[in-house]
Student: 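This is the structure I have questions about; it appears just below.
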2 protein chains.
Amino acid sequence: MIEHEYLKHLAAFAEYGTLSKAAEKLHISQPSLTRSMKKLEEEFGVPLFFRTKNRLEFNENGKLAADYAKRILEQTGVMLERVRALDRAGRTIAIGSCAPIPMLKAVRDAAHLYPEMTISSECRDCDPLIEGLYAELYQIIILPFRPDDKDLHVREAGTETLYFAVPAGHRFAGSSGIYMKEMDGENMLLYADIGFWHRLPREKMPHSRFLVQTDRFAFEELISSSILPCFVSDAALADDWSLADRILVPILDPEAKATYHMACLKKQFPKVRKLFQLKP
Amino acid sequence: MIEHEYLKHLAAFAEYGTLSKAAEKLHISQPSLTRSMKKLEEEFGVPLFFRTKNRLEFNENGKLAADYAKRILEQTGVMLERVRALDRAGRTIAIGSCAPIPMLKAVRDAAHLYPEMTISSECRDCDPLIEGLYAELYQIIILPFRPDDKDLHVREAGTETLYFAVPAGHRFAGSSGIYMKEMDGENMLLYADIGFWHRLPREKMPHSRFLVQTDRFAFEELISSSILPCFVSDAALADDWSLADRILVPILDPEAKATYHMACLKKQFPKVRKLFQLKP
DNA sequence: AGACCTTACGGCCGGCGTAACAATA
DNA sequence: TATTGTTACGCCGGCCGTAAGGTCT
């Protein structure tokens, strides 16, 4: 029987040219390699080398054998990788979302309903999410609209409505609602991790500049210590974001309200069934 | 390291469904298989089976692993096969010929010029010969015409001319030459192993019946004990075929003379060079 | 009872490293 | 002299088969 280890030896010899170098790379003794090569010749039943007194070189048989050896080793690696990936996939629920708020809720639900599973999550734009769902990179994705495909299970997953949060004394502090274009030109604080929302202010308020904050603490600190307006959503407020004494002004643009939908492939449904049975 | 032997065990278990049956087929003990499977799980680092007290079944990981194992085993087999074939090809000169007479000469020459090589030879029709040459099934082929391809080395390899051999007293015994159609309708002895020649009499003499002899002794015996005409060639005569006291009548059809050509792929030329340097 | 899987135990084969040797550049 | 490949030798680990135990049909 061809020892798998010997194929590695063969490939190493092919790569490094001498038994000594190959032995060094393989962390084994050089006589051991001599023996491996002899053993291989014996198992192939044909000579694989030209031998001179202190030089060993492949003949045509050897070159061919080494090529095959590399392919077999590669395929063995692929096997290990794929089986491990399958196993991991079986123990993981991967959630992709267009925005962080509904993602956090979904992750919490998933962790609660499937305590033995690993929950992974990330925010992406809608298109890569949909592609990723079909490629089974995600078991579940959350979109700000209802996807239309008979191969998908879909349920609503809450809404999120955006407000302006302005300091007392701001010119819109007393408004019962404004359109985004009315705020256009005014500089604003903007939290970085807001998913698909990042497009909206830049489209509707092209003349504003946005001071993007990556860090949540810095963001909240600036809210209380500056008079720059910022965005906030009802869902974020429910998630304990502190806004000091800001005044909320409703945004009248219809795009300021999103209705989330979570979706999974029907074939994946059994794996995440409980998440869909949950009442929204 | 994944032992190659264990992949066989895995494949056997996939095929036979229980460790016991697989062990029997593999001619090893059943506890040994239990250990192999455990070892595999350990090396994959993931579970491959559902275990109940007295039943072992693949889970999804295991099914995938078994599929890969089969493919790797298959590829290992292919590797052995191909390397051995390459080695054999390196030690063999394979000659394909359209007719036995020039083949015999070529085989004798090859055996003399390359005493360390194995010479293999066979008679085929022209089309499979040409295909076989390009597929490197043959290093050399012998055709009754000159092939036209710049990738080939070609040299003439003698001629062969057909005669009728008739007994004294036959109606054509005194002829200085006849066309085959003049003999049409008359039954003839025909030796079986004549390569591409077998077409000619059947085309030109559709009303004759041919008493085909496979055995050379029987053929020669019938020649001396019957009055049926037969074919013979100058080349066969030079090769010691005995015709008792038959009279040779030249055949006037131009197809009755063949000029042989031997050909090899240019890339194979170094291997058979001496045969082409030989004077025809 | 029979089929099946697992664990424990002891023997043995095979591959490893060290050491010594031979040849080459 | 440094590098390289081969051979000899003794050790040790890992794999195997046997035996025994437990579960399910």
Side-chain angles (χ1 to χ4, degrees), chain A residues 1-63 65-66 69 72-73 76 80, chain B residues 1-63 65-66 69 72-73 76 80:
Chain A
M1 198 54 223
I2 296 253
E3 292 288 331
H4 194 81
E5 198 67 21
Y6 290 170
L7 297 184
K8 279 194 180 172
H9 295 183
L10 198 67
F13 179 62
E15 181 163 2
Y16 298 111
T18 72
L19 292 186
S20 309
K21 285 212 184 79
E24 188 185 343
K25 300 288 182 178
L26 291 168
H27 304 291
I28 61 173
S29 71
Q30 182 274 329
S32 180
L33 266 189
T34 293
R35 290 190 293 263
S36 306
M37 299 300 111
K38 280 200 185 305
K39 198 83 184 176
L40 279 167
E41 280 184 307
E42 191 180 309
E43 279 164 357
F44 274 95
V46 306
L48 301 175
F49 308 97
F50 298 121
R51 294 164 187 279
T52 60
K53 282 296 179 184
N54 73 338
R55 181 100 199 129
L56 192 72
E57 270 174 311
F58 279 131
N59 63 18
E60 292 304 313
N61 297 339
K63 286 179 197 162
I72 290 172
L73 290 170
T76 307
L80 285 171
Chain B
M1 198 53 224
I2 295 254
E3 292 288 332
H4 194 81
E5 198 68 20
Y6 291 169
L7 296 183
K8 279 194 180 172
H9 296 183
L10 197 67
F13 178 63
E15 181 161 5
Y16 299 111
T18 73
L19 292 184
S20 309
K21 286 214 182 77
E24 188 186 343
K25 300 288 182 177
L26 291 168
H27 303 292
I28 61 174
S29 71
Q30 183 273 328
S32 180
L33 265 189
T34 293
R35 288 188 295 261
S36 307
M37 298 301 110
K38 280 200 185 302
K39 199 84 184 175
L40 280 168
E41 282 184 308
E42 191 179 311
E43 279 164 356
F44 274 95
V46 306
L48 301 175
F49 308 97
F50 297 120
R51 294 163 188 280
T52 60
K53 282 293 179 186
N54 72 338
R55 181 95 198 136
L56 193 71
E57 270 174 309
F58 278 130
N59 63 17
E60 292 303 313
N61 298 338
K63 285 178 196 162
I72 290 172
L73 291 170
T76 307
L80 285 170

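Please read all numbers here as calculations on a predicted model, not as lab measurements.
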Student: Where do B:L10 and B:M37 come nearest, in terms of heavy atoms and distance?
Tutor: N-CE, 3.8 Å
Student: Please give, in whole Å, the distance from C:dG14 P to A:K39 NZ?
Tutor: 6 Å
Student: Under 4.0 Å, heavy atom to any atom of DNA chain C: which of residues 10-18 of chain B qualify?
Tutor: B:T18
Student: Within this structure, what is the CE-to-P distance between A:M1 and D:dC15, rounded to whole angstrom?
Tutor: 15 Å
Student: Can you confirm whether A:R51 sits close enough to A:L56 that some side-chain heavy atom of one is under 4.5 Å from a side-chain heavy atom of the other?
Tutor: yes
Student: Mind checking the CG-OG spacing from B:L26 to B:S32? Nearest 0.5 Å is all I need.
Tutor: 9.0 Å
Student: Take atom CD of A:E24 and atom C1' of D:dT3, then tell me their distance rounded to the nearest Å.
Tutor: 12 Å
Student: Counting side-chain heavy atoms from C-beta on, which of D:dG5, C:dT6, D:dT6 comes nearest to A:R51?
Tutor: D:dT6
Student: Provide the closest heavy-atom pair for B:A11 versus B:L73 in the form atom of the first, atom of the second, distance.
Tutor: CB-CD1, 3.8 Å
Student: B:Y6 near the nucleic acid: base, sugar-phosphate alone, or nothing, with a heavy-atom cut-off under 4.0 Å?
Tutor: sugar-phosphate
Student: Roughly how many Å is it from NE2 in A:H27 to P in C:dG15, rounded to a whole number?
Tutor: 21 Å
Student: Over the length of the helix from C:dA1-D:dT25 to C:dA25-D:dT1, how much do the five-pair end axes diverge, rounded to 10 degrees?
Tutor: 30°
Student: For the pair made of CG in B:L33 and P in D:dT18, what is the distance, rounded to whole Å?
Tutor: 14 Å
Student: Should A:K25 and A:E15 count as side-chain neighbours, where that means a heavy-atom distance under 4.5 Å?
Tutor: no
Student: Using atom CG of A:L19 as one end and atom P of C:dG17 as the other, report the distance to the nearest whole Å.
Tutor: 14 Å
Student: Walk along nucleotides 18-25 of chain C from 5' to 3' and tag each nucleotide B, S or - by protein heavy-atom contact under 4.0 Å, base first, then sugar-phosphate.
Tutor: BB---BB-
Student: Can you find a pair of side-chain heavy atoms, one from A:L40 and one from A:E3, that are under 4.5 Å apart?
Tutor: no
Student: What are the two closest non-hydrogen atoms of B:N61 and B:N59, and how far apart are they?
Tutor: N-OD1, 2.9 Å
Student: Please tell me if the side chains of B:H4 and A:L7 come closer than 4.5 Å, counting only heavy atoms from C-beta onward.
Tutor: no
Student: Among D:dG5, D:dT7, D:dC16, find the nucleotide with the atom closest to the side chain of A:S20.
Tutor: D:dG5
Student: Aromatic rings B:F49 and B:F58: how do their planes relate, parallel, tilted or perpendicular, breaks at 30° and 60°?
Tutor: parallel
Student: Reckon B:K38 has a side-chain N or O less than 4.0 Å from the OP1 or OP2 of C:dT7?
Tutor: yes
Student: Salt bridge (charged side-chain N to carboxylate O under 4.0 Å, His left out) for A:K63 and A:E60? Distances and angles first, verdict last.
Tutor: CA-CA 5 Å; A:K63 286 179 197 162; A:E60 292 304 313; 3.4 Å; yes
Student: Tell me whether B:E41 is salt-bridged to B:K38, with the criterion being a basic N under 4.0 Å from an acidic carboxylate O.
Tutor: no
Student: Whole Å only: how far is the CG atom of B:L26 from the C1' atom of D:dC15?
Tutor: 15 Å
Student: For B:E3 and D:dG13, what is the distance between atoms CD and P respectively, to the nearest whole Å?
Tutor: 17 Å
Student: Can B:T34 and B:Q30 be counted as having a side-chain donor-acceptor contact under 3.5 angstrom?
Tutor: yes
